[in-house]
Amino acid sequence: MKDMQDAEASGTIGSVLIVDDHPLYSDALDAALRMVFPECQPCKAQTLGAALELLGQGLQPDLVMFDLKLPDVCGISGFQRLHEALPEVPVLVISSLTSAQVVQALMQEGAAGFLPKDAPAPLLREALTEIAAGRRYVHAGYLGETVNEAEELPFEAMHPKLAELTPQQKRIMKLICAGKPNKQIAYELDLAEATVKAHITALLRRLGVQNRTQAAVLVESSQPATTIGAADADAQAFLSR
């Protein structure tokens with residue numbers, strides 16, 4: 001972490017909540033944070049429940065650093081609960097679960113950034129300074145190519161249920177896989193946002209899934225496992241909960 005001492009953050013991070021059940025790793029994050037933000041005061045929790053309790057007691061962090069695998073967390077719902085409790089606070093996910101479909105789902109759900117747990121210090125510094133400046137951060141290796149490849153494959157060749165979608169629903173599904181929110185989808189397809197929502201409701205019903213994340217997983221898991229981010233059992237299990 002020595003090379004983080006030269007970092008100068010573009011914004012101010014005064015209070016950080018570190019949610020990780022490994023004391024040594026959370027201590028390392030604590031030390032790294034203080035190198036980037038000398039005035040920072042990290043607070044730690046080893047479970048989601050403990051983190052929510054701290055928030056209930058009045059803790060108002062400027063940033064949350066969140067591990068996906070916690071003793072009381074089952075799937076992506078743990079992140080969703082945290083984000084619901086702190087909708088305006090950026091959450092940097094740092095996890096050993098690094099499938100691109102997981103990363104894309106997290107960003108769609110509102111994460112401010114993602115880093116793998118084995119990321120070197122310079123990447124952590126970069127992520128922190130980007131998020132402090134009000135931007136989102138995901139390392140380029142975890143987003144991009146997989147979605148592009150999916151767009152080139154006809155849905156009919158990927159999964160029988162995808163063949164049942166209308167042409168407009170297929171276009172919307174591709175944009176969902178690219179992480180686009182409803183407002184952006186409406187803009188790109190020149191549709192009313194209410195029309196986009198209606199199409200999404202219909203396509204979710206046809207695919208037999210409950211939300212956008214599960215729909216994206218269905219598409220991702222139907223692709224050949226060739227690149228970083230190809231579907232795996234752990235990722236699918238995580239995203240289905």
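Heads up: numbering here begins at 1 and tracks the sequence.
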Using a 4.5 Å cut-off on heavy atoms from C-beta on, say whether the side chain of [Y] contacts that of [X].
| X | Y | result |
| --- | --- | --- |
| Asp118 | Pro116 | yes |
| Ile13 | Leu128 | no |
| Thr47 | Val73 | no |
| Leu115 | Val138 | no |
| Leu29 | Pro42 | no |
| Asp27 | Lys44 | yes |
| Val16 | Gln41 | no |

Quick check: is Leu33 connected to Leu123 through a chain of hydrophobic side chains (ILVMFWY, heavy atoms under 4.5 Å apart)?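 Same hydrophobic cluster.
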
Atom pair [atom1] ([X]) and [atom2] ([Y]), whose distance is rounded to the nearest 0.5 Å:
| X | Y | atom1 | atom2 | value |
| --- | --- | --- | --- | --- |
| Asp30 | Cys40 | CG | SG | 7.5 Å |
| His199 | Leu189 | NE2 | CG | 8.5 Å |
| Leu86 | Leu55 | CG | CG | 4.5 Å |
| Phe66 | Leu82 | CZ | CG | 5.5 Å |
| Ile18 | Met65 | CD1 | CE | 6.0 Å |
| Thr129 | Leu124 | OG1 | CG | 9.5 Å |

Is it true that Asp20 and Lys69 make a salt bridge, defined as a side-chain N closer than 4.0 Å to a carboxylate O? no

Salt-bridge contact Glu193-Lys183 (side-chain N to carboxylate O under 4.0 Å): no

So which heavy atom on [X] is nearest to which on [Y], and how close?
| X | Y | answer |
| --- | --- | --- |
| Phe114 | Leu97 | CZ-O, 3.5 Å |
| Leu204 | Asn211 | CD2-O, 3.3 Å |
| Pro71 | Gln46 | CD-O, 3.6 Å |
| Lys180 | Ile185 | O-CD1, 3.6 Å |
| Gly78 | Leu48 | O-CD2, 3.7 Å |
| Ala132 | Phe37 | CB-CZ, 3.8 Å |

Step by step, work out the side chain to side chain contact (heavy atoms under 4.5 Å, CB included) result for Ile200 and Met173. CA-CA 8 Å; Ile200 292 176; Met173 188 66 246; over 6 Å; no

So among Val103, Val64, Leu68, Asp67, which one has a side chain to side chain contact (heavy atoms under 4.5 Å, CB included) with Val93? Leu68

Donor + acceptor pair across side chains of Gln184, Glu188 (<3.5 Å):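 Yes, Glu188 and Gln184 have a side-chain donor paired with an acceptor closer than 3.5 Å.
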
If only side-chain N and O atoms count, and only distance matters, is there a donor-acceptor pair under 3.5 Å linking Thr213 with Glu109?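 Side chains of Glu109 and Thr213: pair found under 3.5 Å.
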
For [X], does the [atom1] atom sit with more than 12 other heavy atoms under 6.0 Å from it, leaving out its own atoms?
| X | atom1 | result |
| --- | --- | --- |
| Tyr25 | OH | yes |
| Glu39 | CD | no |
| Gln60 | CD | no |

Please check if the side chain of [X] supplies one atom and the backbone of [Y] the other of a donor-acceptor pair under 3.5 Å.
| X | Y | result |
| --- | --- | --- |
| Gln214 | Gln210 | yes |
| Arg136 | Ala111 | yes |
| Gln169 | Glu164 | no |
| Asp62 | Ser15 | yes |
| Thr201 | Lys197 | yes |

